[in-house]
Amino acid sequence: MSAGADGGGGAAVAVGSSEGGPLEDGFVPSALGTREHWDAVYERELQTFQEYGDTGEIWFGEESMNRLIRWMQKHKIPLDASVLDIGTGNGVFLVELAKFGFSNITGIDYSPSAIQLSGSIIEKEGLSNIKLKVEDFLNLSTKLSGFHICIDKGTFDAISLNPDNAVEKRKQYVKSLSRVLKVKGFFLITSCNWTKEELLNEFSEGFELFEELPTPKFSFGGRSGNSVAALVFQKT
Ligand SMILES: C[S@@+](CC[C@H](N)C(=O)[O-])C[C@H]1O[C@@H](n2cnc3c(N)ncnc32)[C@H](O)[C@@H]1O
């Protein structure tokens, strides 16, 4: 497993310190895996947006959004394809998608403040056809289904750090993903806590690797690697 930020700037959900011991997979449980943490983050960011118009953190930086949009363009994903952003945060990626012409996009987040912030940013941008919902992806309350594309930028990472049975939560994540994504639909994940090999293992049931997206490389002490993994899976 690795932790770090993308070269393009922006924070990453890196493994943090905590009072608890390591989880079975070696992660140290962290507040970053809890809803209370994200509620506090987005309440603060909402206030900052209202006061100064600052949209807040772009996780993994601008380049992480451009990389996904380039992939969608390269593969000629139709502009009316249904896209779900899982754990949308401030919704800035939804705004980018809309600006590129995508017209059937939905953002969910379990933090009501995140959805309120996304809504405010989207409204300020004058975009009207973006759907937003407060939803816990691990406990979906509505009939969200049939998406062509699902995006995850940092949400699976956050869930993996949950102090309360993260292994089970990761399994539930894969189940929810299977439920919302169409057969042959694509799942684009950007992660700083999991390597390519680990992600292949996590999503081995019901998904196959379609493509690995290039991310910045680092080298240190004669070893080189990627600080961020960006993979595209296809639902089988
Ligand atoms: C690292 S942030 C990334 C935010 C956004 N995807 C981005 O790239 O800026 C993780 C996000 O996942 C959300 N999240 C974590 N667990 C979730 C869950 N079970 N259901 C829905 N959203 C969740 C958090 O509220 C937070 O907005």
Side-chain angles (χ1 to χ4, degrees), residues 13 32-50 55-60 64-65 68-69 72 77-160 162 169-183 185-191 233 235:
V13 190
L32 289 162
T34 67
R35 184 163 155 181
E36 292 71 29
H37 170 80
W38 294 108
D39 275 339
V41 165
Y42 290 112
E43 263 164 41
R44 220 168 36 234
E45 292 206 353
L46 181 61
Q47 206 174 339
T48 308
F49 178 72
Q50 284 163 347
T55 53
E57 199 76 65
I58 296 177
W59 291 85
F60 307 115
S64 70
M65 301 192 291
L68 301 177
I69 290 174
M72 290 167 81
I77 301 298
L79 290 176
D80 62 355
S82 49
V83 182
L84 176 68
D85 188 20
I86 302 165
T88 195
N90 58 14
V92 168
F93 186 60
L94 300 171
V95 170
E96 289 301 298
L97 286 170
K99 285 184 177 167
F100 274 87
F102 287 93
S103 59
N104 189 359
I105 48 189
T106 304
I108 59 165
D109 204 292
Y110 67 178
S111 163
S113 310
I115 292 301
Q116 211 185 327
L117 174 61
S118 307
S120 305
I121 293 173
I122 287 166
E123 193 186 337
K124 189 175 174 200
E125 293 284 341
L127 301 162
S128 53
N129 58 350
I130 297 175
K131 287 162 261 184
L132 288 173
K133 277 191 180 134
V134 176
E135 282 280 348
D136 181 349
F137 192 63
L138 304 183
N139 188 17
L140 291 170
S141 61
T142 57
K143 295 245 174 273
L144 275 187
S145 65
F147 287 93
H148 293 107
I149 308 270
C150 287
I151 309 275
D152 180 316
K153 212 156 61 65
T155 303
F156 186 69
D157 282 351
I159 286 171
S160 304
N162 193 297
K169 291 199 160 54
R170 278 164 22 216
K171 283 191 189 146
Q172 182 54 49
Y173 183 102
V174 179
K175 278 192 199 151
S176 295
L177 183 63
S178 294
R179 190 181 124 187
V180 296
L181 193 59
K182 266 182 194 289
V183 171
F186 294 107
F187 170 54
L188 285 66
I189 179 166
T190 304
S191 166
F233 287 92
K235 184 173 160 180

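Just so it is clear, the model here is predicted, and its values are computed rather than measured.
With 3.5 Å as the limit, one finds a donor-acceptor pair spanning the side chains of Ser141 and Glu135. No hydrogens or angles considered: nothing links the side chains of Asp80 and Ser103 as a donor-acceptor pair under 3.5 Å.
The nearest pair of heavy atoms linking Ser82 to Phe147 is OG-CA, 3.4 Å. When all heavy atoms are compared, the tightest approach of Tyr42 to Gly89 is OH-CA, 3.2 Å. What you find for Pro112 and Arg35 is that their closest heavy atoms are CD-NH2, 4.1 Å. The two residues Asp157 and Ser191 make their nearest non-hydrogen contact at OD1-OG, 2.6 Å. Residue Ile121 comes nearest to Asn90 through the heavy atom pair CD1-O, 3.5 Å, listed as atom of the first residue, atom of the second, then distance. When all heavy atoms of Gly33 and Asn162 are compared, the pair lying nearest together is O-ND2, 2.8 Å.
Using a 4.5 Å heavy-atom threshold, the side chains of Lys124 and Phe49 count as touching. Here the side chains of Cys150 and Leu188 are not in contact, with every heavy-atom distance at 4.5 Å or above. Put simply, the side chain of Leu84 does not reach to within 4.5 Å of the side chain of Ile151, judged on heavy atoms.
With rounding to the nearest 0.5 Å, the separation of CG in Leu68 from CD1 in Ile77 is 11.5 Å. To the nearest 0.5 Å, atom NZ of residue Lys143 and atom CZ of residue Arg179 are 6.5 Å apart. One finds the CZ atom of Phe187 at 8.5 Å from the CG atom of Leu181 (value rounded to the nearest 0.5 Å). To the nearest 0.5 Å, atom CG of residue Leu177 and atom CZ of residue Phe156 are 9.5 Å apart. Atom CG in Leu117 sits 8.5 Å away from atom CD in Gln50 (nearest 0.5 Å). The structure places CD1 of Ile108 at 11.5 Å from OG of Ser118, a figure rounded to the nearest 0.5 Å.
Screening residues 144-154 for salt bridge (Lys or Arg N to Asp or Glu O under 4.0 Å) gives no qualifying pairs among residues at least two apart or on separate chains. Among pairs with a residue in residues 104-117, those fulfilling side-chain hydrogen bond (donor to acceptor under 3.5 Å, both in side chains) read Asp39-Ser111, Asn104-Lys131, at least two apart in sequence or across chains. Contacts classified as ring-ring contact (aromatic ring centres under 6.0 Å, His included) and involving residues 114-146 (residues at least two apart or in different chains) are given here: Phe137-Tyr173.
The main-chain N or O of Trp59 is found under 3.5 Å from a side-chain atom of Ser64 such that the two form a donor-acceptor pair. With hydrogens and angles disregarded, a donor-acceptor distance shorter than 3.5 Å links the side chain of Thr155 to the backbone of Ile86.
Paired with Val92 under the rule side-chain contact (heavy atoms from CB on, under 4.5 Å), one option of Ile58, Leu97, Ile122, Asp85 passes, and it is Ile58.
For Glu96, there are no salt bridge (charged side-chain N to carboxylate O under 4.0 Å, His left out) partners at least two apart in sequence or on another chain. Residues forming a salt bridge (charged side-chain N to carboxylate O under 4.0 Å, His left out) with Lys235 (at least two apart in sequence, or on another chain): none. Not counting sequence neighbours, Ser128 has no partner by the side-chain hydrogen bond (donor to acceptor under 3.5 Å, both in side chains) test.
Within a 6.0 Å sphere centred on CD of Glu123, heavy atoms belonging to other residues, nucleotides or ligands number 12 at most. The number of heavy atoms from other shown groups lying within 6.0 Å of NZ (Lys133) does not exceed 12.
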Phe102 and Met72: CA distance, side-chain angles, deciding distance, side-chain contact (heavy atoms from CB on, under 4.5 Å) verdict: CA-CA 10 Å; Phe102 287 93; Met72 290 167 81; 3.7 Å; yes
